[in-house]
Engineer: 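To start, I am sharing the structure in question, which I have written as structure tokens.
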Amino acid sequence: MRSEELHETLLPKRLALPIFASDPLSSVAYATQEILLVLTLGGLAYLHFTPWIAAAVVALMTVVVLSYRQVVHAYPSGGGSYEVVSKNLGPTAGLVVAASLLVDYVMTVAVSVASGVDNIISAVPRLADHRVLMAIGFVAVLTAMNLRGVRESGRAFAAPTYLFISGVLVMVVTGLIRYALGDAPVAESAAYGVTPAPSDANLTGLALLMLVLRAFSSGCTALTGVEAISNGVPAFRKPKSRNAAETLTAMGALAIVMFVGVTALALITKVHITGDACRLTGLTGDCGSYTQRTVIAQIAAAVFGGEHSVGFYVIQAATALVLILAANTAFNGFPLLASILAQHRYLPHQLHNRGDRLAFSNGILALAIVAALLLWGFKANVTNLIHLYILGVFTAFTLSQLGMVRHWNSELRTERDPAPRRRHHTARVINALGSVVTGLVLVIVLATKFTEGAWLAVLAAIVLWVMMRGIRRHYDATSAELAVADPKGELTLPSRVLGIVLVSTLHKPTLRALAYARAFRPDRLEALTVSVDRDEAAALLRRWEEYGIDIPLKIIDSPYREVTRPVVEYVRSIRRESPRDIVAVFIPEYVVGHWWENLLHNQSALWLKNRLLFTPGVMVTSVPWQLTSSAHADRPAARAPGSFRRGEPQGPAPRAGTRHR
């Protein structure tokens, strides 16, 4: 797609919802489960805390959604939390948010895909041994779809997301109607008891409070991905801010309704689930080989009449699909944020480039590789991955809301109209409440999950923060060094140009290089060869004289058979004798048509170029000689995704009548 076609990729709300909100919508499939897994550490006696914990999660989600509506309207350029914090709290705090979000986006892919695979295994248990391979395969599919472009991926992912939403709502309504009519559905695990974990039996006082707080922090996974819409405002159709805010509201309302419904049905059907199946009492057979179905799978089986019912398979298929597609939120948020950071010179410039389909292809590939490695390292286990989750997103929540409070304070200092002032006061109250609440949750999450694996996420964010600071310092230093202070002084001609043609043997590429070097009309021109075999050097000199070449051939003896070092030392000696002269080195090279042929040619030339490029005052010119095998290479080459885009060399100008891609 041409750059001018970017407006055609902008999203209507019906496509933006599944693209940017699939993560928070799909998290209802495991948020309730994470609450129950923590509470059952103390046995069944503590499940009565579930409604209160769910209510706290709902209240928190409401505050966060309202807060991010303010962000969408105030900062429509798409930086989201990063832009808010950078502009109001400074670039250092902004980098903290950026590092936290980048880590959390990677975790979103890993956790969503792993959870989706869990639901597939709940329907087909014999696939359990292929968990990791399935997870990495799904990441590859998501990567391929996103490389096709934002709009195309939205069309592909819309149907599963809407199927999941409608399926869960039908399940919730059906289950509640059955309960109201006195025919309450019963989960397959309702008959099992749960033995408390040895460290969590008979909890009281502070220990009980910590258990409840751990359950709450696990339930807060329902809020992951809420900020993605604020990062993706530029991808919406006009009016961008209003459409993004309406999509955010719809996402929040749907997520709350589905989360409350699933939690209510989990309590009604008496789902009993633990992290270790051997703690279930009343279980027949080997507990070590028993695979517990997910909470949403047990609810679907109870509501729709068993594990072989059509409704059960529809819910499982939709849940698995949407959980895997929930990673698409990160596949849109991560590349956008990485592009903005690259534009601000905190990440490599390549991440700011768009690919053939106007997607940020390099960011998509980077996210896929890191997420795949994470899934492989943690064996695609949701329980192990979940502890690394949500820490980053609540860091972003807290700092962005605090930044918005400062934003409204700044606006109120200059605004005199009473109506806007009232709106600013209301917005400031919402953001202040959001910063306090999310800050408390951040402390709870950090305290309850740090020793269970969250320290890895903290370490990753710190390393990323340090790396981004280093990249910025490098780019700043490079810009300062390359800045032009005196254009006339930079255009001053050298006193002399000394040309050197490197010769290994006398053949057509050598003669072309000699002719090319002569066309430059240097003040002095000579050929240079390194003698590792005296007989070969003598034969070369004889042929040189037989051909009557009037360019002097200098032979450097190399008793230790080195080629690179003698050439580099000779060129440096010329520079030492004449520091104001420029040395132009011409290197004949073969151009081949197959990648494996490069392994057979040009290795000496490659090493020489790499060494000479570090020598001040030396210009290196490759003189190509096309071999027969390169004849097919004049066809248009397929580009790697995102390569040589935005601001990078595009090759020679197109001929008249051709379309430049």
Side-chain angles (χ1 to χ4, degrees), residues 23-44 46-47 49-54 56-58 61 107-108 110-123 125 131 164 167-168 171-172 175 185 187-190 192 194 197 211-212 214-224 255 258-277 279-280 290-303 312 315-316 318-320 322-324 326 380-390 448-449 452:
D23 181 23
L25 291 177
S26 67
S27 63
V28 302
Y30 55 81
T32 300
Q33 176 172 307
E34 293 305 315
I35 294 173
L36 298 180
L37 282 170
V38 174
L39 291 178
T40 53
L41 289 172
L44 299 180
Y46 301 103
L47 290 182
F49 287 109
T50 304
W52 300 103
I53 293 172
V57 171
V58 168
M61 181 175 286
M107 294 308 308
T108 294
V111 172
S112 297
V113 170
S115 185
V117 170
D118 267 0
N119 277 274
I120 293 175
I121 293 172
S122 291
R131 179 189 304 272
F164 173 74
V168 170
M171 181 182 71
V172 169
E188 62 185 40
S189 61
Y192 301 150
V194 176
L211 180 73
V212 173
R214 283 172 62 190
F216 171 68
S217 65
S218 294
C220 287
T221 53
L223 277 77
T224 57
M258 291 194 296
F259 173 69
V260 170
V262 169
T263 304
L265 286 182
L267 296 174
I268 290 171
T269 59
K270 299 181 180 178
V271 173
H272 297 159
I273 188 169
T274 67
D276 180 7
R279 289 179 39 233
L280 293 174
Y290 178 72
T291 301
Q292 298 180 83
R293 297 188 193 275
T294 59
V295 167
I296 200 164
Q298 293 191 45
I299 293 172
V303 169
F312 170 78
I315 291 295
Q316 285 308 100
T319 302
V322 80
L323 280 169
I324 292 167
N381 187 301
V382 176
T383 303
N384 293 336
L385 289 167
I386 204 76
H387 297 307
L388 284 70
Y389 206 20
I390 77 171
T448 57
K449 290 182 175 287
E452 295 181 358

Engineer: Minimum heavy-atom separation for Val303 to Leu265, with atom names?
Structural biologist: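 So the minimum-distance heavy-atom pair works out to CG2-CD1, 4.3 Å.
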Engineer: Once side-chain contact (heavy atoms from CB on, under 4.5 Å) is applied, do any residues pair with Val28, and if so which ones, sequence neighbours excluded?
Structural biologist: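 Partners of Val28 under the side-chain contact (heavy atoms from CB on, under 4.5 Å) test: Phe164, Met258, Phe259.
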Engineer: Report the residues that fulfil side chain to side chain donor-acceptor pair (under 3.5 Å) with Ser189, sequence neighbours left out, ordered by chain and then residue number.
Structural biologist: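 Ser189 satisfies side chain to side chain donor-acceptor pair (under 3.5 Å) with Gln298 once adjacent residues are dropped.
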Engineer: If you take all heavy atoms of Ala380 and Ala114, which pair is closest and at what distance?
Structural biologist: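 In terms of heavy atoms, the two residues are closest at O-CB, 3.5 Å.
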Engineer: Do the side chains of Pro51 and Leu267 get nearer than 4.5 Å, heavy atoms only?
Structural biologist: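 Counting from C-beta outward, Leu267 and Pro51 do come under 4.5 Å.
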Engineer: Which residues pass the side chain to side chain donor-acceptor pair (under 3.5 Å) test with Gln292, sequence neighbours left out?
Structural biologist: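 None.
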Engineer: With Ala255, which residues qualify under side-chain contact (heavy atoms from CB on, under 4.5 Å), at least two apart?
Structural biologist: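 Ala255 satisfies side-chain contact (heavy atoms from CB on, under 4.5 Å) with Leu25, Met61 only.
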Engineer: For Ala302 and Pro185, which heavy atoms make the closest approach, and how far apart are they?
Structural biologist: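 The answer is O-CB, 3.4 Å.
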Engineer: Once you round to the nearest 0.5 Å, how far does SG of Cys220 lie from CD of Glu34?
Structural biologist: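 Those atoms lie 12.0 Å apart.
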Engineer: Applying side chain to side chain contact (heavy atoms under 4.5 Å, CB included), run through Ile53 and Leu39 and close with a yes or a no.
Structural biologist: CA-CA 10 Å; Ile53 293 172; Leu39 291 178; 4.1 Å; yes
Engineer: What closest approach, in Å, do Val271 and Ala187 show between heavy atoms, and which atom pair accounts for it?
Structural biologist: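 The answer is CG2-CB, 3.7 Å.
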Engineer: Using every non-hydrogen atom in the two residues, find where Ile299 and Ala266 come nearest and quote the distance to one decimal.
Structural biologist: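 Residues Ile299 and Ala266, closest heavy atoms: CD1-N, 3.7 Å.
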Engineer: If you round to the nearest 0.5 Å, how far is OH of Tyr46 from OG1 of Thr40?
Structural biologist: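 Those atoms lie 12.0 Å apart.
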Engineer: What I'd like to find out is whether the side chain of Leu41 reaches to under 4.5 Å of the side chain of Arg279, using heavy atoms alone.
Structural biologist: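 When only atoms from C-beta onward are counted, Arg279 and Leu41 do touch, with a gap below 4.5 Å.
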Engineer: Is there a side-chain contact between His272 and Leu47 (heavy atoms, below 4.5 Å)?
Structural biologist: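 His272 vs Leu47: side chains touch.
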Engineer: Taking only residues two or more places apart in sequence or in another chain, which ones pass side-chain contact (heavy atoms from CB on, under 4.5 Å) with Ala110?
Structural biologist: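 side-chain contact (heavy atoms from CB on, under 4.5 Å) check on Ala110 returns Leu374, Leu375, Leu385.
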Engineer: Which pair of heavy atoms, one from Val194 and one from Leu280, lies closest together, and at what distance?
Structural biologist: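 Heavy atoms only, the tightest pair is CG2-CD2, 4.0 Å.
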Engineer: Test of understanding: with side-chain contact (heavy atoms from CB on, under 4.5 Å), list the residues that count as partners of Ala297, not counting sequence neighbours.
Structural biologist: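 For Ala297 the side-chain contact (heavy atoms from CB on, under 4.5 Å) partners, ignoring immediate neighbours, are Ser122, Arg293, Thr294, Phe312, Gln316.
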Engineer: Tell me, do Met171 and Ile296 make a side-chain contact under 4.5 Å, heavy atoms counted?
Structural biologist: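 Yes - at least one pair of side-chain heavy atoms lies under 4.5 Å apart.
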Engineer: Nearest 0.5 Å, please: how far is CG in Leu211 from CZ in Phe49?
Structural biologist: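 Here the interatomic distance stands at 8.0 Å.
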